[in-house]
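So the structure is just underneath, and the comments pick up after that.
Chain A is the first sequence line, chain B the second, and so forth, proteins listed ahead of strands; every chain is numbered from 1. The basis for the numbers below is simple: all heavy atoms, side chains too, and nothing from hydrogens, waters or symmetry mates. As the structure is a computational prediction, the values presented were derived from the model and not from experiment.
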2 protein chains.
Amino acid sequence: MGTGTRREPLNRERVLAAAVDLADSEGLRAVTMRRLAATLGVEAMSLYHHLPGKNALLDGLVENVVAEVGTAVAKIEGAGSPEQWQTILRSRFLAAREVMLRHPWAPALIGSRGSIPSGVYDYYETILATLIRAGFTYHLAHRALHAFGSMPLGFVQELFSPAPSGVQAASDEAMAELAQLAEELPHLIAMVSSEIHDADGDTLGWCDSQAEFEFTLDLLLDGLARHHD
Amino acid sequence: MGTGTRREPLNRERVLAAAVDLADSEGLRAVTMRRLAATLGVEAMSLYHHLPGKNALLDGLVENVVAEVGTAVAKIEGAGSPEQWQTILRSRFLAAREVMLRHPWAPALIGSRGSIPSGVYDYYETILATLIRAGFTYHLAHRALHAFGSMPLGFVQELFSPAPSGVQAASDEAMAELAQLAEELPHLIAMVSSEIHDADGDTLGWCDSQAEFEFTLDLLLDGLARHHD
DNA sequence: ACCTGAACACCGTTCAAGT
DNA sequence: ACCTGAACACCGTTCAAGT
């Protein structure tokens with residue numbers, strides 16, 4: 001009687017999936033052993049049968065997101081010629097970014113954990129293979145990986161957009177703060193009003209984080225191409 | 001009798017200074033209302049007379065570090081001609097980086113807080129002034145600010161160096177992990193061994209984060225120069 | 001004005017106990 | 001094998017009370 005699935009014993013995957021859902025809907029701060037257990041209709045202590053502790057839970061979250069990036073990126077698979085390394089990497093990084101936009105809590109979490117899940121190494125291996133195949137020296141390829149920073153995973157650590165989502169809210173706050181300091185910040189004010197004026201219609205999104213991401217990415221790719229050729 | 005200073009009443013500055021010291025020596029996780037109060041020879045609840053709460057304390061920490069960056073960067077003051085914008089920005093960002101290296105906990109904290117202290121706006125105003133003076137359009141200058149990301153504050157969000165310090169420790173761990181996955185990661189292994197071979201003597205620091213920082217910085221500066229000229 | 005003690009509502013986690 | 005209840009050591013924070 002009943003669905004049956006509700007009585008099925010918990011396992012690591014179901015716990016992690018619930019944790020991802022909880023983080024997506026209520027933020028990472030809501031992901032607490034007790035809260036998470038509650039969403040699974042279970043006591044907090046039951047979770048310890050499937051995960052050693054909170055740290056393992058957070059590592060599992062990172063691992064899950066990285067895996068999601070991995071499958072999204074695998075579809076790109078550089079079918080092109082070696083010379084197309086720029087477009088291959090570009091579309092891979094943009095695919096990764098789409099995953100991150102679905103999990104706004106992930107960048108901060110990934111950055112804050114000490115360990116690096118093995119899926120990241122696999123992913124970096126394919127990036128590196130693309131570069132080497134295109135004729136990069138290992139030295140320049142190494143530099144390139146560092147220069148890309150977190151772009152392979154689809155996010156940038158930017159001061160003015162801590163949360164990849166909520167662009168307009170951040171913009172509103174920023175605008176209000178800026179207005180108060182207008183006299184002392186003439187260039188900033190001029191830039192904001194100039195950019196708003198240019199963005200006809202779409203007033204709210206004067207910081208188009210997607211456009212900024214692509215601009216920075218191309219800046220890096222073009223710069224590397226110049227070092228390479 | 002005695003020093004007298006010990007009996008002097010607490011104030012916001014002394015609390016924040018103690019918090020910075022505690023974070024520097026034991027990490028941000030050790031900065032707890034109770035622990036912090038203990039280092040000041042006082043009960044936790046006393047802190048609430050000088051700061052509204054934990055959030056205000058963390059905001060104060062960010063504010064302090066940003067102020068430190070501000071004074072470090074003010075010494076650079078672009079005394080050169082407008083055309084020297086690259087070298088001006090370069091030395092400013094490197095000065096900021098030195099501050100961050102003294103406070104390894106700061107990048108993560110700055111990135112995680114929602115608000116942006118006003119000192120950051122002042123600083124960005126001077127960067128913007130330098131770019132505009134050199135003939136940048138507001139649009140390109142805006143793009144540049146986003147592209148720089150967190151470099152004006154002296155740090156990058158990089159996957160392979162979450163903590164700006166502890167380079168060799170991270171390297172050791174990474175090496176151990178890499179060794180286990182050697183067969184599946186031929187390019188990564190080849191890159192690491194190639195780079196270690198090139199770094200004569202200084203085996204541990206095969207990832208020279210200072211060099212990587214400067215390489216990425218120059219990549220961005222050169223790329224912007226090409227867009228500008 | 002500045003500091004304190006006890007208390008409250010939350011954490012993660014251990015351990016012995018249930019079925 | 002899987003889940004639970006009570007307990008412990010920590011949090012941040014409120015409030016009434018001390019001087």
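Under 3.5 Å, the side chains of A/Glu13 and A/His50 contain no donor-acceptor pair of N or O atoms. Defined by atom type and a distance below 3.5 Å, a donor-acceptor pair is present between the side-chain atoms of A/Thr130 and A/Arg92.
Looking at residues 36-51 of chain A, you'll see A/Val42, A/Glu43, A/Met45, A/Ser46, A/His49, A/His50 sit with a heavy atom under 4.0 Å from some atom of DNA chain D.
Close approach of DNA chain C to chain A, defined as any atom under 4.0 Å from a non-hydrogen atom of the protein, starts and stops at C/dC11 to C/dT14.
Counting heavy atoms from C-beta outward, A/Thr32 and A/Leu36 have side chains that stay 4.5 Å or more apart. No side-chain heavy atom of B/Leu153 sits less than 4.5 Å from a side-chain heavy atom of B/Val99.
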- Item | Test salt bridge (Lys or Arg N to Asp or Glu O under 4.0 Å) applied to B/Glu68 and B/Arg102, step by step | CA-CA 11 Å; B/Glu68 199 175 333; B/Arg102 285 202 296 274; 2.8 Å; yes
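Residues A/Ala96 and A/Pro152 share a closest heavy-atom pair of CB-O, 3.2 Å.
In terms of modelled atom types and a separation under 3.5 Å, the side chain of B/Glu125 and the main chain of A/His187 share a donor-acceptor contact. Looking at B/Ser46, its side chain never comes within 3.5 Å of a backbone N or O of B/Val42 through a donor-acceptor pair.
Nucleic acid contact for A/Arg35: sugar-phosphate only, since backbone atoms but no base atoms lie under 4.0 Å from a heavy atom of the residue.
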- Query: Which dot-bracket string fits DNA chain C when only Watson-Crick or G-U wobble pairs with both atom distances under 3.5 Å count, crossing pairs get [ ], and | stands for a partner on a different strand?
  - Reply: ||.|||||...|||||.||
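Stacking of B/Arg97 on the aromatic ring of B/Phe155 is not recorded, the 6.0 Å distance cut-off and the 45° axial limit not both being met.
Considering CZ of B/Arg35 and CZ of B/Arg29, their distance stands at 12.0 Å, rounded to 0.5 Å.
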